[in-house]
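See below for the structure under consideration.
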Amino acid sequence: MNDYAIKLGNVTKEYNGFYAVRGMNLQISKGEIFGFLGPNGAGKTTTIKMLTGLEEPTKGNVYILGINVQENPIEAKKKIAYIPDKVNIYGKLTGWEFLRFMASVFHIDEGVFEEKANHYLSLLEIEHRADDYIENYSHGMKQKITLCGALIHDPEIIILDEPTVGLDPKSTRTLKDILTNLSKEGKTIFLSSHILEIVEQMCTSVAIVQDGRLITTGTMEEIRNKAEKADDSLEDIFLRLTGERTDVIHAVQALKGEDRK
Ligand SMILES: Nc1ncnc2c1ncn2[C@@H]1O[C@H](COP(=O)(O)OP(=O)(O)OP(=O)(O)O)[C@@H](O)[C@H]1O
């Protein structure tokens, strides 16, 4: 078939006459850290739901490592970890019980499970809370245990919707390091974020979507070549390509303490 980690072929999602995603074509190579950007309501979560088999495209096909997600959802899901933006996790389990449950779903060997669980709990600095009920965790801790659970089965593709919301700066840095290391192992990371600085620092390639359509995609270098000025940030490029009004751009710059005329 092809060598792409993720491929969307002319994917459309319609909800009662409203097009949340329109004719989207995307190819993401293995090992990329791919940033998926777009203003509110652009169709990012809808696209992610189609990637993970939670929503069916109205038209078109989604492939995960060459597997058609609609035709073979179970095979495709074995390759994916999905960390949604709103963590909805069963609170009556302890962190450790939740991780054991995730390992059992994917038939992970006990020894491998313990090693991976301890590794990620300690990296994310929540090992001291592993025996507490998840309902008593803070929002950031819930995100972290969800991430640990998602990584237990050694997925090839990790999909994260707004992963840094709720994380403190140190945890954000840890997450960045974890994702960078996973990509060095050949795993593919797909993340949507509104925090363009994080995308700029971490991602090897990006796509910008608006009104369900792909506006631009390419490597970070290709995207930077679309800049008007040499010191344009990804935020400048994003705001220009998505047609944000210049007064909004200036307001954003003023809020950030930049006094560019
Ligand atoms: N189940 C649904 N029924 C009807 N419309 C929907 C449904 N799900 C999403 N939409 C609409 O599709 C559009 C895209 O929504 P989506 O959640 O994918 O956007 P998003 O890019 O993730 O936005 P945000 O950055 O605000 O999270 C929105 O206009 C939304 O209202």
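Whatever order the structure lists them in is the order used to number ligands and atoms, beginning at 1.
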Atom 8 (N) of ligand 1 - nearest protein heavy atom and its distance: Tyr15 CE1, 3.4 Å

NZ/NE/NH1/NH2 to OD/OE distance under 4.0 Å, Lys142 and Glu135: no

Ligand 1 contact by Gly43, heavy-atom criterion under 4.0 angstrom: yes

Residues Lys78, Glu75: salt bridge by 4.0 Å N-O rule: yes

Among all the protein's non-hydrogen atoms, which is closest to atom 23 (O) of ligand 1, and how far away is it? Gly41 N, 2.8 Å

Would you call Arg22-Asp211 a salt bridge at under 4.0 Å N-O? no

For residues Thr204 and Glu32, is any side-chain donor paired with an opposing acceptor at under 3.5 Å? yes

Please work out which of Thr46, Thr45, Asn40 has its closest non-hydrogen atom nearest to atom 22 (O) of ligand 1. Thr45

The residue among Thr94, Leu124, Leu93, Leu99 that forms side-chain contact (heavy atoms from CB on, under 4.5 Å) with Ile145 is Leu99

Close-contact set for ligand 1 against Lys44 heavy atoms, below 4.0 Å: 18 (O), 19 (O), 20 (P), 21 (O), 22 (O), 23 (O), 24 (P), 25 (O)

Which residue and heavy atom of the protein sit nearest atom 31 (O) of ligand 1, plus the separation: Phe18 CE2, 5.0 Å

Using a strict cut-off of 4.0 Å, indicate which atoms of ligand 1 neighbour a heavy atom of Ala42. 19 (O), 20 (P), 21 (O)

Partner set under ring-ring contact (aromatic ring centres under 6.0 Å, His included) for Phe106, not counting sequence neighbours: His153

